[in-house]
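Below you'll find the structure, written out as structure tokens, and then a few comments.
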Amino acid sequence: MSQQPDTKGHFGVFGGRYVAETLMPVLQEVDAAYREAAADAAFMGEFHAMLKTYVGRPSPLYFARRLTEAWGGADVYLKREDLNHTGAHKINNTLGQALLAKRMGKTKLMAETGAGQHGVATATVAALLGMSCKVYMGEEDIVRQAPNVKRMELLGAEVVPVTSGTRTLKDAMSEALRAWVAEVEDTFYVIGSVAGPHPYPMMVRDFQRIIGDEARLQFDAAVGGKPDAVVACVGGGSNAAGIFCGFVGDANVRLIGVEAGGYGLDSGKHAASIIAGQLGILHGSKSYVLQDENGQIQNAHSVSAGLDYPGVGPEHALWADEGRAEYHAITDDEALDAFHELTRLEGILPALESAHAIAEGKKMAAELGAGKSIIVNLSGRGDKDLDSVLKIMGKSDE
Amino acid sequence: MNRIDTTFAKLKSEGRKGLVGFLTVGDPSLEQSERDIRTALDAGVDVLELGVPFSDPTADGPTIQAASFRALQAGVTLNDVLALVGRIRADYETPIVLFGYANLLFRYGYELLCADAAAVGVDGLLVVDLPFEEAGEIRQHMDGAGLHFISLVAPTTPPARQKLILSDAKGFVYYIMVTGVTGARAAVASDIGDHLTELREATDLPIAVGFGVSSGVQAKAAAEHADAVVVGSALISAARDGRLESLVCEIRAALDKE
């Protein structure tokens with residue numbers, strides 16, 4: 001059972017709506033429209049039909065035999081979100097939100113993006129549904145993720161460079177919120193994670209829970225019973241929230257969220273908001289935030305652009321406080337090793353985000369030992385990261 | 001009695017419109033910003049709104065974002081802001097409202113902040129990302145410290161919600177004239193009169209209008225249906241160009257013109 005926030009969007013002390021008054025009415029409108037749509041069999045039927053025929057669901061649950069043998073511990077299963085259309089779990093959510101936007105009579109979509117995966121997934125559904133699309137992206141990320149910028153433009157989206165602050169995901173989201181205030185009448189803001197003001201953390205989780213619902217049935221059919229642990233990477237936390245939802249009611253299943261440890265937690269250059277952040281308010285919700293002693297938001301660092309964010313979804317903060325999920329950190333180097341290991345042993349190039357979960361999976365497989373089993377959420381494929389990885393490999397050869 | 005209330009009562013008795021002037025504290029340094037604040041007060045600002053610099057000002061346009069960034073580069077903290085208020089308060093009776101984002105106040109601690117702010121002479125807080133629903137906790141401490149929580153009403157605010165916000169508003173009501181972020185605009189929205197007539201019927205509090213006002217002509221137009229006009233980004237730009245005093249005088253004169 002996943003929990004419902006209160007009517008104002010609070011998960012315990014976390015969540016809520018910390019936004020300018022100008023945005024409050026539209027958030028209430030989106031909330032009401034979403035609740036109505038979620039209860040409408042026709043809407044959910046259309047969503048699930050599209051997930052099947054357009055996204056390609058269900059995504060397989062794959063037993064990684066060679067990885068399991070090499071690691072010599074628990075059986076390792078991969079939930080293959082990398083096989084979805086556009087190459088990641090992001091499309092589950094953008095499809096749901098775009099269908100909702102259409103139902104609400106909005107004609108324009110807008111989104112923020114870091115690595116470009118959410119931007120591509122939003123541009124894709126905008127093309128599919130005949131809506132216009134603007135994607136806010138930090139200037140720094142536009143350089144780092146050039147192929148995804150081209151993909152968005154081919155799909156007909158306008159990529160708006162964000163030049164404020166550190167010119168990465170945090171600033172893209174700030175700028176998207178500013179832009180939404182000015183275009184709130186006809187524009188639907190498609191947020192890419194379980195972050196932001198209510199109802200986004202709840203709504204995005206609900207659109208992503210298909211991952212966990214499928215994995216639960218698939219594991220039971222293939223192996224019988226439940227896995228001992230479920231592992232997923234956490235930036236804002238949408239793929240983790242999605243797969244955790246399938247198992248959160250099973251007290252015996254350990255849920256492990258993997259934050260980006262960057263150069264190491266002691267270096268101060270990481271994106272581990274739950275492990276190393278403090279309670280704060282960022283981008284519309286209360287949660288754990290990387291900040292200095294005065295409350296100024298700090299810059300995150302991760303080799304993976306998708307985890308490079310100083311906040312985290314409020315429901316994860318609650319799961320962490322309640323002890324229902326554990327949060328561990330994986331460094332850039334560990335994630336890169338896992339990237340290569342999965343590529344060589346299984347012929348699967350993971351996204352650098354997902355490589356964090358693979359690296360943690362290795363530790364858990366050893367900790368749990370033979371006879372146990374774990375599911376690692378392989379949230380996206382690594383094609384987008386080839387340039388970054390090759391660059392790092394080139395450097396280490398020197 | 002709170003200085004905000006006495007000031008608006010005085011303006012009303014004199015039949016004058018008020019000028020709420022906004023400057024970001026610490027832009028471009030604490031020393032220069034204190035000089036600018038004194039210049040603005042001497043030139044005729046009736047209510048002083050002081051921006052507390054924040055790393056992620058999501059409701060602000062480019063001008064205030066840049067001011068906030070410069071102030072952070074100068075290392076300015078909320079403690080510095082409070083100390084500056086204390087120095088200003090020693091010389092002026094003008095009401096002072098701190099304008100900021102929730103995280104800074106939350107990290108400081110709502111209760112401690114309210115006590116410290118009241119002690120140095122702050123009269124109200126305007127927390128741009130703390131809407132009615134999330135403001136309960138800080139308001140409890142503000143009431144205890146005699147500070148006014150300044151409520152915002154936007155063009156998108158529906159009547160029922162407006163009623164809710166006004167049910168507990170204090171000091172003055174800040175009406176946001178545009179659906180957008182802070183910053184100068186070419187012209188004041190044409191339908192503002194209708195919105196303000198409705199708002200006037202719904203509250204007895206003074207109404208200040210803001211977002212987009214940058215000249216005497218615009219201020220005069222905006223003030224037609226309101227009790228005061230808020231000018232922010234334009235003052236920041238003027239301070240950088242060395243024409244802060246002349247702009248405040250221009251707006252003050254336009255507001256006083258029959």
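The structure presented is a predicted model; accordingly, all values stated were derived computationally and were not measured. A, B, ... follow the sequence lines: proteins, then strands. Residue 1 opens every chain.
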(message) Would you call the rings of A:Y200 and A:W180 parallel, tilted or perpendicular, taking 30° and 60° as the class edges?
(response) perpendicular
(message) At a 4.5 Å cut-off on heavy atoms, which part of B:L104 comes close to chain A: side chain, backbone, both, or neither?
(response) both
(message) So for B:L72, is it side chain, backbone, both, or neither that comes closer than 4.5 Å to the heavy atoms of chain A?
(response) side chain
(message) For a quick check under 3.5 Å, do A:Y18 and B:E134 share a side-chain donor-acceptor pair by atom type?
(response) yes
(message) Do B:I236 and B:L23 make a side-chain contact, defined as non-hydrogen atoms from C-beta onward lying under 4.5 Å apart?
(response) yes
(request) Would you mind telling me which of A:V19, A:L279, A:N294 has the largest number of heavy-atom pairs within less than 4.5 Å of chain B? (result) A:V19
(message) Please classify the contact of B:Y108 with chain A as side chain, backbone, both or neither, using a heavy-atom distance under 4.5 Å.
(response) neither
(request) Would you mind telling me which of B:A154, B:G61, B:P53, B:P131 has the largest number of heavy-atom pairs within less than 4.5 Å of chain A? (result) B:P131
(message) Assess, by modelled atom type and distance only, whether the side chains of A:Y189 and A:E112 contain a donor and an acceptor separated by less than 3.5 Å.
(response) yes
(request) Could you tell me which portion of A:N299 (side chain, backbone, both or neither) has an atom closer than 4.5 angstrom to a non-hydrogen atom of chain B? (result) neither
(message) At a 4.5 Å cut-off on heavy atoms, which part of A:Q291 comes close to chain B: side chain, backbone, both, or neither?
(response) side chain
(message) Quick check on B:P155 against chain A: is it the side chain, the backbone, both or neither that has a heavy atom closer than 4.5 Å?
(response) neither
(message) Out of B:Q65, B:E133, B:R107, return the one with the most heavy atom pairs under 4.5 angstrom to chain A.
(response) B:R107
(message) Quick check for you: among B:P57, B:S151, B:P62, which has the greatest number of heavy-atom pairs under 4.5 Å with chain A?
(response) B:P57
(message) Under a 4.0 Å threshold between the charged nitrogen and the carboxylate oxygen, would B:D56 count as salt-bridged to A:K170?
(response) yes
(request) Please check if atom OH in A:Y263 has more than 12 non-hydrogen atoms from other residues, nucleotides or ligands closer than 6.0 Å. (result) no
(request) Check whether B:V153 gets within reach of chain A through its side chain, its backbone, both or neither, counting any heavy atom under 4.5 Å. (result) backbone
(request) Determine the interplanar angle of the B:F22 and B:F99 rings, folded into 0 to 90°, and report it as parallel if under 30°, tilted if 30 to 60°, perpendicular if over 60°. (result) perpendicular
(request) Ignoring hydrogens and angles, state whether a donor on the side chain of B:H225 or B:Y175 is under 3.5 Å from an acceptor on the partner side chain. (result) no
